[in-house]
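Predicted model, so just to flag it, every value in this text is computed and none were measured.
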Amino acid sequence: MKLTMQVELIAKILPEIKELHRAHFSETETPYKGDTFNPDYAQFSALEDRSQFVLFTLRDAERLVGNLGFILHTSRHTSRPAAYEDFYFVLPEYRRGFLAVRFLRYAISVLKEAGYSEIGMSSKLTASKDIEPILKRVGFKPVAKFYHLEAADVL
C-alpha cells in the first residue's frame, strides 16, 4: 500500500470520485431516503472557485479510496472561519487500523493551518459504520442532534 493524503479539485477528478460517492450514498443515504444518486458537482465546483469548498483525498497509489469534503465559510455567530463536513468516506477495505483517524487528522491540520478555528463533523445514524468513535478519538465533542424531514412527510 502506498497511501497519500492531499487536497484536490473535485472538477479535476470527477469520473473517479463519482464511483466513490455512489458507494458512500448507498451506505449512508439510501437507507433513510430511498432517493436516487444525483450529486450537484457543478455546485461543488462553483463553491471551490469561490474558496468555499475543499476536498481532501486519500489514495492508494493512484486509486481514490477515500474523500472528505468541507464547506468553508465565516460563522454567522462568531465571525470566525468555519469548516463543516459535507461528506467523509473511506472504502470498507481501507477501514482498518487507524487510517480513517489519520486521514481526518490530516484534514484538520490543513484546515487549522489555513486559519479555520471552527470545524464541524456529523455521523449518520443510518450508516453501517457510525463514525462517532473516530470523531471522539480526534477530539470532537457532540453539540447537537440533527433531524431530517422529507417534504412528503409533513403533516
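In this structure, Ile134 CD1 and Arg105 CZ are separated by 11.0 Å, a value rounded to the nearest 0.5 Å. Between the OG1 atom of Thr74 and the CZ atom of Arg76 there is a distance of 10.0 Å, given to the nearest 0.5 Å. A distance of 13.5 Å separates CG in Asn38 from NE2 in His21, rounded to the nearest 0.5 Å. With rounding to the nearest 0.5 angstrom, the OG1 atom of Thr57 is 3.5 Å from the CD atom of Glu8. For the atom pair CD of Glu118 and CG of Leu111, the computed distance is 12.5 Å after rounding to the nearest 0.5 Å. Distance check, rounded to the nearest 0.5 Å: CG of Leu58 to CG of Asp60 gives 8.0 Å.
Minimum heavy-atom separation, Ala11 to Ser45: CB-OG, 3.5 Å. Heavy atoms only, all atoms of each residue included: Tyr106 and Gln6 are closest at OH-CA, 3.3 Å. The two residues Ala107 and Leu68 have their closest heavy-atom pair at CB-CD2, 3.5 Å. Of all heavy-atom pairs spanning Glu27 and Pro92, the tightest one is OE1-CG, 4.5 Å. For the residue pair His73 and Tyr84, the shortest heavy atom distance occurs at NE2-CD1, 3.4 Å. Closest heavy-atom contact between Ala61 and Thr4: O-OG1, 4.5 Å.
Atom OH of Tyr41 has more than 12 heavy atoms from other residues, nucleotides or ligands within 6.0 Å. Residue Arg50 places its CZ atom among more than 12 non-hydrogen atoms of other residues, nucleotides or ligands, all under 6.0 Å distant.
By the criterion of side-chain heavy atoms lying less than 4.5 angstrom apart, applied directly or through intervening Ile, Leu, Val, Met, Phe, Trp or Tyr residues, Leu135 is grouped together with Val101 in one hydrophobic cluster. By the rule that hydrophobic residues join a cluster once side-chain heavy atoms approach within less than 4.5 Å of another member, Phe140 and Phe146 end up as members of separate clusters. Linking Ile, Leu, Val, Met, Phe, Trp and Tyr whenever their side-chain heavy atoms come within less than 4.5 Å leaves Val110 and Leu9 in two separate clusters. In this structure, Leu3 is a member of the same hydrophobic cluster as Phe103, with clusters built from ILVMFWY side-chain heavy atoms closer than 4.5 Å.
Evaluated for a side chain to side chain contact (heavy atoms under 4.5 Å, CB included) with Leu104, the options Ile119, Val138, Leu99 yield exactly one hit, Val138.
Applying the ring pair (Phe, Tyr, Trp, His ring centres under 6.0 Å) test to Phe44 and every residue at least two apart in sequence or in another chain returns Phe53, Phe87. When the side chain to side chain contact (heavy atoms under 4.5 Å, CB included) test is applied to Glu16, the partners found at least two apart in sequence or on another chain are Ile13, Arg59, Leu64. With sequence neighbours left out, the side chain to side chain donor-acceptor pair (under 3.5 Å) criterion links Arg63 to Glu93.
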Run the side chain to side chain donor-acceptor pair (under 3.5 Å) check on His24 and Asn67 step by step: do they pass? CA-CA 10 Å; His24 182 199; Asn67 69 155; 5.3 Å; no
Can Lys141 and Lys136 be said to form a side chain to side chain contact (heavy atoms under 4.5 Å, CB included), step by step? CA-CA 6 Å; Lys141 294 173 180 44; Lys136 286 183 175 181; over 6 Å; no
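In this structure, the side chain of Glu132 does not engage the main chain of Ser123 through any donor-acceptor pair within 3.5 Å. Checking side-chain atoms of Arg95 against main-chain N and O of Val90 turns up a donor-acceptor pair under 3.5 Å. Between the side chain of Tyr88 and the backbone N or O of Ala100, at least one donor-acceptor pair lies under 3.5 Å.
Ring planes of Phe70 and Phe56: perpendicular class, angle over 60° (limits at 30 and 60°).
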